[in-house]
Amino acid sequence: MAANEPLPGTADIWEPETLDWIELENNARDVFHRYSYSELRTPIFERTDVFVRNLGNETDVVQKEMYSFNDRGGRSLTLRPEGTAGVIRAIAFRGLEQGDEARVFYFGPMFRGERPAAGRRRQFHQIGVEAVGNDSPWMDAECIAMLTQYLDQLGISGSRVMLNTRGLPADRPKISAALVEYFTPHAPAMCEDCQRRLSTNVWRMLDCKNPACHDIALKAPNIVDLLGDESRSFFTRVCQGLKDLGVSYELAPRLVRGLDYYIHTVFEVTHPGLGAQDALAGGGRYRIELPGGKKAVEGIGFAAGMERLLMARASLGLQAQPNTEADVMILSLGDQALLPGLQLAQQLRLDCGSLRIKADFSGRSLKAQLRGANKAGAKVALIRGDDELAQGCVLCRDMTSSEQASVPLADLAAWLRDKLPTA
RNA sequence: GUGGCUGUAGCUCAGUUGGUUAGAGCGCCUGGUUGUGGCCCAGGAGGUCGCCGGUUCGAACCCGGUCAGCCACCCCA
């Protein structure tokens with residue numbers, strides 16, 4: 001790897017791309033605030049057990065993807081592979097009184113040691129929300145509606161909401177047994193992974209992408225049919241809420257999510273502009289046990305991949321245009337003019353609002369400096385050499401019309417405001 | 001972790017029956033007279049041909065390894 005290349009699966013992000021990131025963040029704040037969610041920033045690393053306990057020890061994320069290390073005190077720490085665990089930890093630390101709710105959103109980098117591919121990085125970024133301390137299906141519907149509104153506001157059209165339920169833990173043994181009963185006779189015809197899953201994680205056999213397995217899974221017992229009354233009624237109300245809110249969704253009976261803590265509602269939003277990793281966002285309802293024998297907390301949330309949001313936008317032609325380097329370029333001729341150039345630039349930044357002011361300190365020929373001003377996209381070049389300094393004026397050149405005027409220093413700010421209305 | 005494709009100047013890429021000082025376009029710098037941009041013209045800078053090793057009289061080109069990128073699997077955001 002070249003000496004200055006970023007590590008595999010990481011990237012340097014430069015303007016104008018950073019402008020697109022800011023767009024994602026600002027719209028997130030705007031939309032989520034309107035749903036009464038507030039911003040939370042948690043640490044990027046946590047004690048390893050925060051993730052192990054929340055995500056489930058048997059998950060791929062925990063088993064083989066975490067960046068864990070021992071710090072100088074010998075504690076095992078981990079760079080967060082996802083956002084929920086840290087958020088739950090923070091809420092538990094602050095304390096949530098009975099009947100209280102916490103609604104938060106966050107965004108930032110996450111880390112997983114996977115092989116990079118399209119839409120998959122080792123350092124990637126998520127925007128997520130968590131609503132903790134509620135057990136209402138209407139909350140699930142609202143949460144999904146908030147996500148679709150966010151996508152709409154970003155101009156991301158063409159996404160699909162895929163919806164399913166996992167039911168309550170109490171329903172699982174029955175469902176698992178039904179699945180095992182169904183799959184066992186088919187197992188010999190299925191892929192190696194599925195044969196292993198038969199004993200380790202039957203549910204995963206439902207969404208295997210191997211064509212042979214997929215065909216078999218299509219005829220598997222429907223989870224929803226096997227649910228207990230409470231679970232089925234919960235799911236029905238989530239669906240009803242979405243319908244009432246005008247959120248279109250598709251039932252995805254074989255949608256299973258990878259983390260152990262999900263109960264009831266699970267969903268994913270996919271987008272055709274992404275390639276193989278087509279999930280734009282995913283989430284669901286969860287119940288997480290806290291250490292110390294306290295009551296489990298229940299909540300609903302989702303996370304959206306920021307890189308994937310950007311890819312989806314890019315596939316729709318939505319990308320920020322680069323800013324011009326400078327609106328006004330200050331050109332200094334001769335050594336005597338350099339310090340006055342520095343001073344003038346500073347003064348104009350105070351006097352002329354949001355204009356981008358750049359001073360050329362190179363001491364190059366006027367020709368070269370003008371070429372630089374042109375390249376920087378400057379609308380005005382302010383030129384000063386010995387003559388202008390002696391006269392206390394500035395030679396103002398309109399880079400568009402090529403007209404020039406000698407303007408007394410005292411009138412310069414007014415001249416600029418007249419020339420550049422945004423000043 | 002597995003597989004496929006790829007790796008030549010800042011960028012996009014040419015460059016095979018292996019043979020002298022490795023090319024183009026764009027970009028960059030300088031100049032086209034003394035303080036004037038964009039167009040045009042001329043000149044110039046810039047590359048250990050990803051890295052290491054092997055085959056050969058000789059390798060950007062063949063072979064092996066390695067690193068990296070992209071894509072797919074897997075998993076997920």
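Note on naming: letters A, B, ... go to the chains in the order of the sequence lines (proteins, then strands), and numbering restarts at 1 for each one. Every value quoted in this text rests on a predicted model; they were computed, and no experiment measured them.
- Annotation: side chain of A:Ile127 is not in contact with side chain of A:Tyr106 (no heavy-atom distance under 4.5 Å).
- In this structure, A:Tyr37 has its ring center no closer than 6.0 Å to that of A:His33.
- If you check every strand for non-hydrogen atoms under 4.0 Å, A:Gly113 touches nothing.
- A:Arg120 has its CZ atom 12 Å from the P atom of B:G1, to the nearest Å.
- Closest-nucleotide positions on RNA chain B for A:Ala117 and A:Glu82 were compared, and the one nearer the 5' end corresponds to A:Ala117.
- Comparing B:U56 with B:G47, their C1' atoms are spaced 25 Å from each other, to the whole Å.
- Residue A:Arg166 holds its CZ atom at 9.0 Å from OH of A:Tyr262, rounded to the nearest 0.5 Å.
- Within the 3.5 Å criterion, the main-chain N or O of A:Glu403 finds a donor-acceptor partner in the side chain of A:Ser401.
- Across B:G37 and B:G23, the matching P atoms stand 33 Å from one another, rounded to whole Å.
- Pairing of B:U20, defined by two Watson-Crick or G-U wobble distances under 3.5 Å, is not identified with any nucleotide.
- Using a 4.0 Å heavy-atom distance criterion, A:Ala118 is classed as a sugar-phosphate-only contact.
- If you take CG of A:Leu147 and P of B:A77, they are 13 Å apart, rounded to a whole angstrom.
- No salt bridge links A:Glu46 with A:Arg80; every basic N to acidic carboxylate O contact stays at or beyond 4.0 Å.
- In this structure, the CG atom of A:Leu55 is 11 Å from the P atom of B:C76, given to the nearest Å.
- Nucleotides B:C5 and B:A9 place their C1' atoms 24 Å apart, quoted to the nearest Å.
- Between A:Asp327 and A:Arg356, none of the side-chain N atoms (NZ, or NE/NH1/NH2) sits under 4.0 Å from a carboxylate O, so this pair counts as no salt bridge.
- The phosphate of B:G69 has neither OP1 nor OP2 within less than 4.0 Å of any side-chain N or O from A:Arg115.
- Between A:Arg103 and A:Phe32, every side-chain heavy-atom pair lies at or beyond the 4.5 Å cut-off.
- Nucleotide B:G37 has no partner under the Watson-Crick or G-U criteria, as no pair reaches both atom distances under 3.5 Å.
- For the C1' atom pair drawn from B:G7 and B:C74, the interatomic distance equals 26 Å after rounding to whole Å.
- Checked by distance alone, A:Arg308 brings a side-chain donor or acceptor within 3.5 Å of a matching partner on the base of B:C76.
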Under 3.5 Å, N/O pairs linking protein and nucleotides 37-41 of chain B:
from, atom 1, to, atom 2, distance (Å)
B:G37, N7, A:Arg397, NH2, 2.6
B:G37, O6, A:Arg397, NH2, 3.1
B:G37, O6, A:Ser402, OG, 2.0
B:G37, N1, A:Met399, O, 2.5
B:G37, N2, A:Asn374, OD1, 2.6
B:G37, N2, A:Met399, O, 3.0
B:G37, N3, A:Asn374, OD1, 3.2
B:G38, O4', A:Asn374, ND2, 3.2
B:G38, O6, A:Ser402, OG, 2.9

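- A:Lys174 NZ to A:Leu226 CG: the interatomic distance, rounded to the nearest 0.5 Å, is 6.0 Å.
- Spacing of C1' atoms, B:C13 relative to B:C49, comes out at 13 Å, to the nearest Å.
- Between the side chain of A:Gln404 and the base of B:U36 there is at least one donor-acceptor pair of N/O atoms closer than 3.5 Å.
- What separates CZ of A:Arg121 from P of B:C70 is a distance of 5 Å, to the nearest Å.
- Using C1' as the reference atom, B:A60 and B:A14 are 12 Å apart when rounded to the nearest Å.
- Straight-line distance between the P atoms of B:G46 and B:G10: roughly 11 Å, to the nearest whole Å.
- Residue contacts shown for A:Gly334 are absent, as no nucleic acid heavy atom lies under 4.0 Å away.
- The closest donor-acceptor contact from the side chain of A:Ser231 to the backbone of A:Leu168 lies under 3.5 Å.
- Here B:A72 presents its P atom at 10 Å from CG of A:Asp278, a figure rounded to the nearest Å.
- Pair assignment for B:C51 gives B:G65, based on Watson-Crick or G-U wobble hydrogen-bonding distances that are each under 3.5 Å.
- The same atom, C1', is picked in B:C73 and in B:U16; the two are 34 Å apart, to the nearest Å.
- Among the atoms of the strands shown, base atoms are found under 4.0 Å from some heavy atom of A:Leu395.
- Under the Watson-Crick or G-U wobble criterion, with both distances below 3.5 Å, B:C28 is paired with B:G44.
- Scanning atom types as modelled, no donor and acceptor separated by under 3.5 angstrom connect the side chain of A:Glu65 and the base of B:G1.
- For A:Arg364, a side-chain nitrogen or oxygen approaches OP1 or OP2 of B:C29 to under 4.0 Å.
- Taking a cutoff of 4.0 Å between a charged side-chain nitrogen and a carboxylate oxygen, A:Arg122 and A:Glu114 do not qualify as a salt bridge.
- What separates CH2 of A:Trp14 from P of B:G10 is a distance of 15 Å, to the nearest Å.
- Residue contacts shown for A:Leu331 are absent, as no nucleic acid heavy atom lies under 4.0 Å away.
- If you check every strand for non-hydrogen atoms under 4.0 Å, A:Arg384 touches nothing.
- Using Watson-Crick or G-U wobble geometry with both donor-acceptor distances under 3.5 Å, B:U2 finds its partner in B:A72.
- Each of A:Gly9 and A:Gly305 was assigned the nucleotide of RNA chain B with the nearest heavy atom; the assignment lying further toward the 5' end belongs to A:Gly9.
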